[in-house]
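This chain uses plain numbering: 1 for the first residue, then up along the sequence.
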Amino acid sequence: MTTQTTTPAAATPQVTSFHYITTVQTRDGVLNTRDAILDVPAGFTRAMCFRHLTQQLADEYGTPLAVLYFALEPDALPTGAA
């Protein structure tokens, strides 16, 4: 999801940047909180993003993992004020 390549403008897939924060706890009690930007292709769901991110953590820390916190919001801030 986060790999960026150069393609012609007409062929550029639609992506939306999201900022996420997640905190997990391992079986051994290790806590890990991380945040980053996730570039999401059109058609992806919030659940798909959640599974993608938690799979990365499971690959790194093993399973089971307890998700203590998860937030996923568009990275762009609203422009202009009414």
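For Thr23, the side chain to side chain donor-acceptor pair (under 3.5 Å) partners are Thr33, not counting sequence neighbours. Residues passing the side chain to side chain contact (heavy atoms under 4.5 Å, CB included) test with Glu60, sequence neighbours excluded: Arg34. Applying the ring-ring contact (aromatic ring centres under 6.0 Å, His included) rule to Tyr61 yields no partners; only residues at least two apart in sequence or on another chain are considered. Take Thr54 and apply the side chain to side chain contact (heavy atoms under 4.5 Å, CB included) test, not counting sequence neighbours, and it matches Phe50, Val67. Evaluation of the side chain to side chain contact (heavy atoms under 4.5 Å, CB included) rule for Ser17 yields Ile37, Asp39, Asp75 as partners, not counting sequence neighbours. Partners of Ala36 according to the side chain to side chain contact (heavy atoms under 4.5 Å, CB included) rule, which considers only residues two or more places apart in sequence or in another chain, are Tyr20. Evaluation of the side chain to side chain donor-acceptor pair (under 3.5 Å) rule for Asp59 yields Gln55 as partners, not counting sequence neighbours.
The minimum heavy-atom distance between Val15 and Pro41, with the atom names listed, is CG1-CA, 4.0 Å.
Among pairs with a residue in residues 13-29, none fulfils salt bridge (Lys or Arg N to Asp or Glu O under 4.0 Å), at least two apart in sequence or across chains. Applying the salt bridge (Lys or Arg N to Asp or Glu O under 4.0 Å) test to every pair with at least one member in residues 13-25, sequence neighbours left out, gives no pairs at all.
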Pair Leu53-Leu38, side chain to side chain contact (heavy atoms under 4.5 Å, CB included): steps then yes or no: CA-CA 9 Å; Leu53 294 168; Leu38 181 66; 4.1 Å; yes
Candidate pair Val30 and Gln25, rule side chain to side chain contact (heavy atoms under 4.5 Å, CB included), full reasoning: CA-CA 5 Å; Val30 174; Gln25 185 173 18; over 6 Å; no
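The CG atom of Leu77 sits 11.0 Å away from the NE2 atom of His19 when rounded to the nearest 0.5 Å. Rounding to the nearest 0.5 Å places CG of Leu65 at 9.0 Å from CG of Asn32.
Arg46 places a side-chain heavy atom less than 4.5 Å from the side chain of Phe70.
Hydrophobic clustering (ILVMFWY, side-chain heavy atoms < 4.5 Å, transitive): Leu57 and Met48 are in one cluster.
At distances below 3.5 Å, at least one donor-acceptor pair connects side-chain atoms of Thr22 with backbone N or O atoms of Tyr69.
Taking Ile, Leu, Val, Met, Phe, Trp and Tyr as hydrophobic and joining them when side-chain heavy atoms fall under 4.5 Å apart, one finds Leu68 in a cluster with Leu31.
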